[in-house]
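What follows is one structure encoded as structure tokens, with my remarks underneath.
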Amino acid sequence: MTIAEKQDEIIAEFEFLDDWLDKYQQIIDKGMSNPGVDEEYKIDKYLIEGCQSKVWVHAEFKDGLVFFQGESNTDISGGIVSMLVEVLSGHTPDEILETDLYFIDQIGLKEHLSPTRSNGMLAMVNQMKMYALAFKSQQA
């Protein structure tokens with residue numbers, strides 16, 4: 001499944017939810033169903049700088065594809081990192097670097113997050129793209 005198809009799937013999950021309380025619950029549910037991060041990666045090295053809550057992201061590079069794990073100690077951030085992992089995992093570094101994460105705007109996430117959560121989400125995206133960039137440079 002392409003990154004765009006994964007984003008469209010998330011958008012479809014949210015489009016029938018009119019109330020933002022329901023959308024927040026959907027985000028929380030996504031975080032709850034996320035397998036999270038292996039305990040060995042819940043260390044400062046994998047914490048996302050710029051997040052108010054604790055968010056860990058770990059990436060592995062296998063067979064030319066990047067696989068992410070993500071987890072947070074808070075519900076909303078956990079759901080956000082879970083969606084980013086869902087969308088970006090299993091793709092090449094180039095696909096990750098070139099993608100436009102339009103689902104964030106489409107489901108109204110950007111406009112309904114507090115400024116600190118918005119900054120945290122941006123930090124998550126930037127860190128995941130940095131992992132992709134690092135793996136891409138290893139290939140060269």
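In what follows, every heavy atom counts, from backbone to side chain, and hydrogens, waters and symmetry copies are set aside. Remember, it's a predicted structure, so these values are computed and weren't measured experimentally.
- In this structure, the side chain of Ser33 engages the main chain of Lys30 through a donor-acceptor pair within 3.5 Å.
- Taking the side-chain hydrogen bond (donor to acceptor under 3.5 Å, both in side chains) definition, one finds that Lys6 meets it with His91, sequence neighbours left out.
- Residues forming a side-chain hydrogen bond (donor to acceptor under 3.5 Å, both in side chains) with Asn126 (at least two apart in sequence, or on another chain): none.
- By the side-chain hydrogen bond (donor to acceptor under 3.5 Å, both in side chains) test, Asn73 pairs with no residue at all, sequence neighbours left out.
- Here Leu122 sits alone; no ILVMFWY side chain lies under 4.5 Å from its own, so it joins no hydrophobic cluster.
- Between Leu101 and Leu84 there is a side-chain heavy-atom pair separated by less than 4.5 Å.
- Every residue meeting the salt bridge (Lys or Arg N to Asp or Glu O under 4.0 Å) condition with Lys42, not counting sequence neighbours, appears here in chain and number order: Glu39, Glu71.
- Contact record, Gly70 with Val85: N-CG2, 3.7 Å, taken as the closest heavy-atom pair.
- Within the 3.5 Å criterion, the main-chain N or O of Glu86 finds no donor-acceptor partner in the side chain of Ser89.
- Asp22 meets the side-chain hydrogen bond (donor to acceptor under 3.5 Å, both in side chains) test with no other residue; sequence neighbours excluded.
- A continuous path of hydrophobic side-chain contacts links Ile11 to Leu109 [ILVMFWY only; heavy atoms under 4.5 Å].
- In terms of heavy atoms, Leu17 sits closest to Lys23 at O-CE, 2.8 Å.
- Between His58 and Tyr46, the ring planes are perpendicular. Angles over 60° get that label, and only those under 30° would be called parallel.
- A pairwise comparison of heavy atoms in Ser77 and Met124 identifies O-CE, 4.1 Å as the closest pair.
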